[in-house]
Each structure stands twice: as C-alpha cells, then as structure tokens.
Amino acid sequence: MDRTNPIGFFDSGIGGLTVVKSVTEILPNENIVYFGDTARVPYGGKSNDTVVEYTIQAANFLLRKNIKLLVVACNTASSVALKELKKFLTIPVIGMIEPGSKMALQETKKGIVGVIGTRSTIGNKAYSNEIKRLNPKTKVYEKACPLFVPLAEEGWINNKVTGLVAKEYLTELKEKKIDTLVLACTHYPILNEVIQKAVGKNVKLVHSGIPAARIVEEYLNGRGLRNISNQLGKREFYVSDVPSKFQEIAEIFLGKKITHLHKVELDELTNE
Ligand code: DGL
C-alpha cells in the first residue's frame, strides 16, 4: 500500500461530504475518492439486505480505485453493513456509529441524549445500543426524520419549509430536556442551522464527522500511511445519477469548486 493512495468515502448521496469536510480540514494533502449513490438515495427507508448489497457494491467500486482506507460516511450503511464489509475487506474500514456515540457521551452533561437519523438507523437502534453499551446510565431518545435527506439533497438549507419540518420533528425531543443531539445521518449537518434553531441554543449538536476524521488521522499515522506530499490532495467525486445537482450543493457546502466529478453507470456497480 502506498501513502499516496486515496482515502475512499461512500454515502447514498451528498451527506458524506460532511465527513469529507472534516477529514480534509485536518488532512488537506490526502487524495480522496468519493462515491455518492445518487441514483438510489435515500437508503434510510430501505431494508437492511438492500443497504448491505448497495454498500458492498460501493466498496468494490472504491477498491478498484486503489483506496488505502474506506470511510463509510453514511450512518445507515454503517449501522447495517459494517460487519459484512469487515469480513471481506483487507483494508481498514471506519464507520460512523462508534465515533458519534463517543462524542455524544463526551458532550452530555445531564446524560440525556437525543438521536435523530433515518428510519433504518433509528429502527436498528444503532446509536441507542452503542451509547448504552458505552454508558448504560445514559437516557437516549431517538427520532427518525426521513424528510431531512431529500431536503438536504435539494439544497433547501435555510428554507421556511425545512424550518417547519424541523420544528415538527424535534419538538418532542426538546420536551425530553435533552442537552445533546446526535445528528446520526451524515446529511443532517448540512441542515445544522435549522436544526439548532428548532431545539434551541442550549442543546449541543454533535455528528460523527470530526471524531471520524481524528480516527482516520490516527490510523494513517499509526501505519505510516499518511500522505506526506505538501500539495493539496486530489479530490475525485463519482455519482450514480446526473451530477449537476450534486455539484451545485457540494460546491456550496464545501466552499470549493469541484473539478473531477464523474457519473458511474449502475451496471458498473452491479455487474462485477
Ligand atoms: N447519509 C445517510 C446516513 O448517514 C443516508 C441517508 C439516506 O440515504 O437515507 O444515514
């Protein structure tokens, strides 16, 4: 394995960019390859079997790009497919659930934590199980917020409708007196502002991007795999459907022009 090989990131759509942002902030010289499965987003309402199948296809696609490490920048895929991936991958894989849970426990003062995510992540109790495993005394209140993913994909970031949806979803968590809210879907940090407004400024919002980025850094340092080039890393993006909307939102969110963006045919993912 070469230090200059890219780090692979995968999400159902644009959500994983929130993790890319955290990683590239601390590791700007790393080359990265991102795959967003925009033809099949959202994953959050799909069965575990379907999500596992799509995740394995995405991982194989990224492996063909010679990645040195895989970041499953999707909570839904992390909660159902991480074990399967670990069975066949010879490179390390970093998921979202453990870093996000640890961060929530570091931040909560009262031990009352809210978790919002897709139907799949919440239905699988991915975070409540992990948080309680790490600290059984914590009270965890969970809520699926499926409409947030299409709103983020559409770029309705600071929008009246998004504000109303956030209020409708989050009032019941606010009433539980949570002091920390885990954004347990990588799309949600894109809607950070509206979510913060709906729960009030005293609730600390956390997501897996920052702690996952630290794990990536530790891993690369530990294995001597950090890219020591002093050039800014190359960033390549692949999507499985029309790239234009992805490009528009990604450029707003990352605050940078995206120059290497390609469409992948679904056949390329499904026929190996
Ligand atoms: N961004 C994803 C997550 O973290 C998936 C959202 C979806 O496709 O429903 O769960």
Side-chain angles (χ1 to χ4, degrees), residues 8-23 34-59 62 70-82 85 93-101 103-104 114-130 142-157 162 165-166 169 181-192 195 205-213 237-241 245-246 249-250 253-254 266 269:
F9 292 83
F10 151 66
D11 181 47
S12 58
I14 57 166
L17 296 175
T18 60
V19 186
V20 167
K21 193 172 186 177
S22 301
V23 172
Y34 183 94
F35 172 62
D37 196 2
T38 50
R40 303 186 292 195
V41 67
Y43 280 11
K46 295 187 167 65
S47 70
N48 290 357
D49 286 350
T50 301
V51 175
V52 170
E53 187 188 332
Y54 291 174
T55 304
I56 290 174
Q57 290 169 1
L62 289 168
L70 175 65
V71 181
V72 182
C74 171
N75 285 276
T76 306
S78 297
S79 70
V80 300
L82 213 59
L85 284 178
V93 48
I94 293 170
M96 297 292 108
I97 313 296
E98 200 183 320
S101 302
M103 179 115 181
V115 178
I116 53 172
T118 64
R119 279 209 180 92
S120 168
T121 302
I122 301 303
N124 286 310
K125 295 192 170 301
Y127 275 82
S128 50
N129 287 342
E130 181 62 9
E142 297 184 285
K143 172 94 184 163
C145 304
L147 289 174
F148 281 161
V149 169
L151 288 166
E153 288 282 329
E154 199 50 42
W156 283 27
I157 295 168
T162 313
V165 172
Y169 278 146
L181 178 65
V182 187
L183 308 185
C185 169
T186 54
H187 280 73
Y188 297 179
I190 295 171
L191 308 177
N192 206 74
I195 293 174
L205 303 188
V206 302
H207 67 95
S208 308
I210 296 163
F237 297 86
Y238 292 85
V239 287
S240 52
D241 212 331
K245 194 72 191 171
F246 180 92
I249 315 291
F253 183 71
L254 295 176
L266 275 182
L269 297 170

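Counting starts at 1 for both ligands and their atoms, following the listed order. Just so you know, these numbers use all the heavy atoms, side chains as well, and skip hydrogens, waters and symmetry mates. In this text the structure is predicted, and so the values were computed from the model without any measurement.
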Are any of the side-chain heavy atoms of S208 and N75 separated by less than 4.5 Å?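 Yes, side chains in contact.
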
Report yes if the side chains of D11 and H187 come closer than 4.5 Å at any heavy-atom pair, otherwise no.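 Side chain of D11 against side chain of H187, heavy atoms only: contact under 4.5 Å found.
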
Without swapping roles, check the side chain of T118 against the backbone of P146 for a donor-acceptor pair under 3.5 Å.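 Judged by distance alone, no pair lies under 3.5 Å.
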
Donor-acceptor under 3.5 Å (T162 side chain, I157 main chain):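 Not confirmed, T162 side chain does not pair with I157 backbone.
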
If we set the cut-off at 4.0 Å for heavy atoms, which region of [X] has an atom near ligand 1: side chain, backbone, both, or neither?
X    : value
V149 : side chain
N75  : both
T118 : side chain

Number the atoms of ligand 1 from 1 as they appear, then name those within less than 4.0 Å of a heavy atom of V41, with their elements.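 Result: 8 (O).
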
Where is the tightest heavy-atom contact between I97 and S78, given as atom of each residue plus distance?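 Looking at all heavy atoms of both residues, the shortest contact is CG1-CB, 4.0 Å.
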
Any idea which heavy atoms bring A212 and P99 closest together, and the distance?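 Between these two residues, the closest heavy atoms are N-CB, 3.9 Å.
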
For [atom], find the nearest protein heavy atom and state the residue, atom name and distance (0.1 Å precision).
atom                    : answer
atom 10 (O) of ligand 1 : T76 OG1, 2.6 Å
atom 9 (O) of ligand 1  : G44 N, 2.8 Å
atom 5 (C) of ligand 1  : S12 OG, 3.3 Å
atom 1 (N) of ligand 1  : H187 ND1, 2.7 Å
atom 7 (C) of ligand 1  : Y43 N, 3.3 Å

Cation-pi geometry met for K143 and Y169 (6.0 Å, 45°):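 Checked: cation-pi criterion not met.
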
